[in-house]
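Quick caveat: nothing in here was measured; it's all calculated off a predicted structure. Index from 1, following the sequence. Every number for a ligand or one of its atoms is a count from 1 in the order of the listing. Quick note: numbers below take in every heavy atom, side chains included, and nothing from hydrogens, waters or symmetry partners.
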Amino acid sequence: VDLTEARREAEQLDARDPLAHVRDRFSIPDGLVYLDGNSLGALPVAVPAVVEHVVAQQWGRDLITSWNVHDWWDAPRRVGGQVARLIGAEADEVVVADSTSVDLFKVLVAAARLRPDRRTLVIEPGNFPADLYIADSVAELLGMTVRRVDPRDVRTVLDDDVAVVSFAQVDYRTGRAYDMAGITAAVHDAGALMVWDLSHSAGALPIALGACDVDFAVGCGYKYLNGGPGAPAYVMAARRHHATVRSPLTGWTGHARPFAMEGSYEPAPGIDRMRCGTPPMLSLLALEAALGAFDGLSMADVRERSLSLTRLFLALTDRVLAPLGFEVVTPRADDERGSQVSLAHPRAYGVVQALIARGVVGDFRYPDVVRLGFAPLYVRHVEVVDAVEHVVAVIEAGEESDPRYVVQHTVT
Ligand SMILES: *Cc1c(COP(=O)(O)O)cnc(C)c1O
């Protein structure tokens, strides 16, 4: 397989790329082709110094006074405001708190309680397992029923018993993107509330929660937002719900007067009511520094770059990888795709392990998916060609069947 011409074209795309300089905002090991930013975003160069300062100065020297002097207390809202810009929400509609799983629990319970006469929760069958398990648990807790449906068919299950519909905007396995505006409108027509999980879309494509009239959203801090392992997640609640929404996790930091230490709970007036307990400050401030990597970027440009990368990969896959037994699982239409491309292959696990050994990092998703994420802030077009070249080399040498690569690790 000769990829010389493809490489020349990729080099030209990189040379013309208006966002090429953004790669310099990240610290990525030389020679590594990192295609897993959809699972753990790369390290922004600004983060280590901030974390060092927070540990040594704020924690080490200023200790508890940091809650005031370094404004730790307001950090969840401040960082929430930064996230809000990326997802098309108002700054006072987003707060950073807890993990995606916990935030989803809070939001599903809270949303369901806003529709007390309705007993059905609608989710998708293929969503990330945490979302499925949490929805089942919420239904059990509230005595509700769960209906699972492909988001594209949501209209077939909407009736006046549906309280809440909760979907991921981009499917973590296939990379399929759903129509946020259309689905949200249909859900509202049926009198239900809409929750979107933005874990695989925020930071990779423009999101217009406000324009789509979305009720609630949650999302992950450590994927395309690059907040670092275990970075806190975020909750968006539309302003119109602030007066009535009640989080089921009534921790003291969501209280109207946390330092009055009152004997009973009264929710804070705004989005702060979705907070629960003390935030993980080191992670939260690392996320804040990481979000600086988006400074000055338009999400439309970010999306254009993402599409350019995935289009190139799809074209090369058709030409070079399809004959080797790889099947594209990700939709071809640009507006139906997030920022990853997933390929089905019977020996997908071995392929991924052999690629990692070659310095091309993607991941495996059960049962047979090679998942490659093209994080639009730092992946280059030439790396798309590199990745294809390595896949070809793996298959030609049969590396994917090597015993070293077929034994599954704990984390796939
Ligand atoms: C990554 C991801 C999560 C992660 O949840 P954690 O609480 O951080 O483990 C949840 N839902 C979806 C859809 C995700 O993509």
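With salt bridges taken as basic N to acidic carboxylate O contacts below 4.0 Å, none links Asp171 and Arg173. A salt bridge links Arg257 to Glu262: at least one charged side-chain nitrogen sits closer than 4.0 Å to a carboxylate oxygen.
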(request) Please lay out, stage by stage, how Trp67 and Asp74 fare under the test side-chain contact (heavy atoms from CB on, under 4.5 Å). (result) CA-CA 8 Å; Trp67 286 103; Asp74 287 324; over 6 Å; no

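Here Asp215 contributes atom CG and Met194 contributes atom CE; the two are 9.0 Å apart, rounded to the nearest 0.5 Å.
With a 4.0 Å cut-off on non-hydrogen atoms, Asp131 touches ligand 1 through its side chain and not its backbone. At a 4.0 Å heavy-atom cut-off, ligand 1 touches Asp197 through the side chain alone. Here Asn127 has side-chain heavy atoms under 4.0 Å from ligand 1, and that is the only part of it that gets that close.
Using modelled atom types and a 3.5 Å distance limit, the side chains of Gln340 and Ser342 yield a donor-acceptor pair. Between the side chains of Arg176 and Thr330, no donor-acceptor pair is found at a separation under 3.5 Å.
Atoms of ligand 1 lying under 4.0 Å from at least one heavy atom of His200, given by number and element, are 15 (O). Atoms of ligand 1 found under 4.0 Å from any heavy atom of Tyr222, numbered from 1 in the order shown, are 1 (C), 4 (C), 5 (O), 6 (P), 8 (O), 9 (O). Those atoms of ligand 1 that come under 4.0 Å of a heavy atom in Ser99, given as number and element, are 7 (O).
Ranking protein heavy atoms by distance to atom 7 (O) of ligand 1, first place goes to Ser101 OG, 2.6 Å. If you check which protein heavy atom lies closest to atom 2 (C) of ligand 1, you get Lys223 NZ, 2.4 Å.
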